[in-house]
Amino acid sequence: MVARDERLALAVKAGDNGDSHNHNDTGSFTLYKDGKPFLIDVGVENYTARTFSPRRYEIWTMQSAFHNLPSFDDIMQQDGEAFAASDVVVFLEDDTAQITMELAGAYPAEANVTSYRRAVVFTKGKGIEITDTCRGGRSATLSLMLAEKPVLSERRITLPGIGAIAVDGGGKLQVEAITITDSRLRAAWPDTLYRIFIP
Amino acid sequence: MAPDAFAPLWQDEKIRNIAEFIAHMHITEDRYFNFADSSARAGYCGAREYLFGKAVGSKLLTDFAAADWKASPEPDAPDEINLFYRLQGVMTVAKMEAHAAPRPKAADRFSRASA
């Protein structure tokens, strides 16, 4: 789904993890504000022999933990067409865009996810609300990928000059800096990206 | 091979959807919504995108590609190393310059994958 208003541009992917040139990104989303990257999809590094080998998903950019998705006690999504979103429902109206989906099926059995539902509601001119609801036997930690250094407070992620994200229901926020040296990634991004963890 | 051997393919809905995908995913300047191995900065359009739009009969893509090419800081693609692409660009410049339609306004969209 792609939806926009005067300032925000949002894309959300459902589908599965069996795409050509796949990343394990089922359910992830990308957000721009005023044309600036807000919540990003990193993309891919320069291709190497490993990129198209059985070890493809050892590469960090392919992993769901480096997309805007949760891991369950560090267990990430799995590649393959069988690892998919289900019950995908979309409403596109003049003032609202909405997508809901069940994402438990994108994770392997050892993640022990009974249900993981994501709802994205874009109210034009007001903002975007993303609600993740999980049930299962492991603890969920949501990753969010950013291209600017965030300022964190107890329940707020602020990107100076861009915007802010209010966080409700999560634990203590943490941030990790990721140094970018690969030339293909540097063509799109600055020398440091940031990953926020929301337990 | 006859020049029109692939002509029926251009009328296929899936091919047209592939062609128009970039117009739906464009954000601003050279930035695009990117998933999988695609880059967030995919560059500006040129002759190839314009001609793809013509081939599938997409006003959306021809309008988008021509407007995007005109907005490019380097419409002559001086760093392009593919000789065919450069010749194709030269042969298409006049048509893109004459294409006066404005950049189409992006609309909300949802597509289900199809086999």
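Chain letters run A, B, ... following the sequence lines, proteins first, then strands; residues in each count from 1. Worth saying up front: this structure is predicted, and the values here are computed from it rather than measured.
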*Asks:* Out of A:Met1, A:His67, A:His23, which one racks up the most heavy-atom pairs below 4.5 Å with chain B?
*Replies:* A:His23
*Asks:* Out of A:Arg56, A:Met62, A:Arg184, return the one with the most heavy atom pairs under 4.5 angstrom to chain B.
*Replies:* A:Arg56
*Asks:* Please classify the contact of A:Val88 with chain B as side chain, backbone, both or neither, using a heavy-atom distance under 4.5 Å.
*Replies:* both
*Asks:* Hydrogens and angles aside, do A:Gln78 and A:Asn24 bring a side-chain donor and acceptor to less than 3.5 Å of each other?
*Replies:* no
*Asks:* Side chains of A:Thr26 and A:Asp16: donor-acceptor distance under 3.5 Å anywhere?
*Replies:* no
*Asks:* Would you say the side chains of A:Ser86 and A:Glu102 form a donor-acceptor pair under 3.5 Å?
*Replies:* no
*Asks:* Side chain from CB out, backbone as N, CA, C, O: work out which of these in A:Lys124 comes under 4.5 Å of a heavy atom of chain B, or both, or neither.
*Replies:* side chain
*Asks:* Side-chain contact, heavy-atom cut-off 4.5 Å: B:Phe35 with A:Asp19?
*Replies:* no
*Asks:* Looking only at side-chain N and O atoms, does B:Glu97 offer a donor or acceptor that is under 3.5 Å from a partner on B:Trp69?
*Replies:* no
*Asks:* Let me know if A:Ala11 has heavy atoms under 4.5 Å from chain B in its side chain, its backbone, both or neither.
*Replies:* both
*Asks:* So what's closer than 4.5 Å to chain B heavy atoms on A:Val2: side chain, backbone, both or neither?
*Replies:* both
*Asks:* Specify which of A:Asp41, A:Ile99, A:Leu10, A:Val44 makes the most heavy-atom pairs with chain B at under 4.5 Å.
*Replies:* A:Asp41
*Asks:* Counting only heavy atoms closer than 4.5 Å, note whether A:Tyr47 contacts chain B via side chain, backbone, both or neither.
*Replies:* side chain
*Asks:* For A:Asn46 and A:Ser183, does a side-chain donor sit closer than 3.5 Å to a side-chain acceptor?
*Replies:* yes
*Asks:* When you check the side-chain N and O atoms of B:Arg48 and B:Tyr50, is any donor under 3.5 Å from an acceptor?
*Replies:* no
*Asks:* Non-hydrogen atoms of chain A under 4.5 Å away: do they reach the side chain of B:Ser38, the backbone, both or neither?
*Replies:* backbone
*Asks:* Can you tell me which portion of B:Phe33 sits under 4.5 Å from chain A's heavy atoms? Options are side chain, backbone, both or neither.
*Replies:* side chain
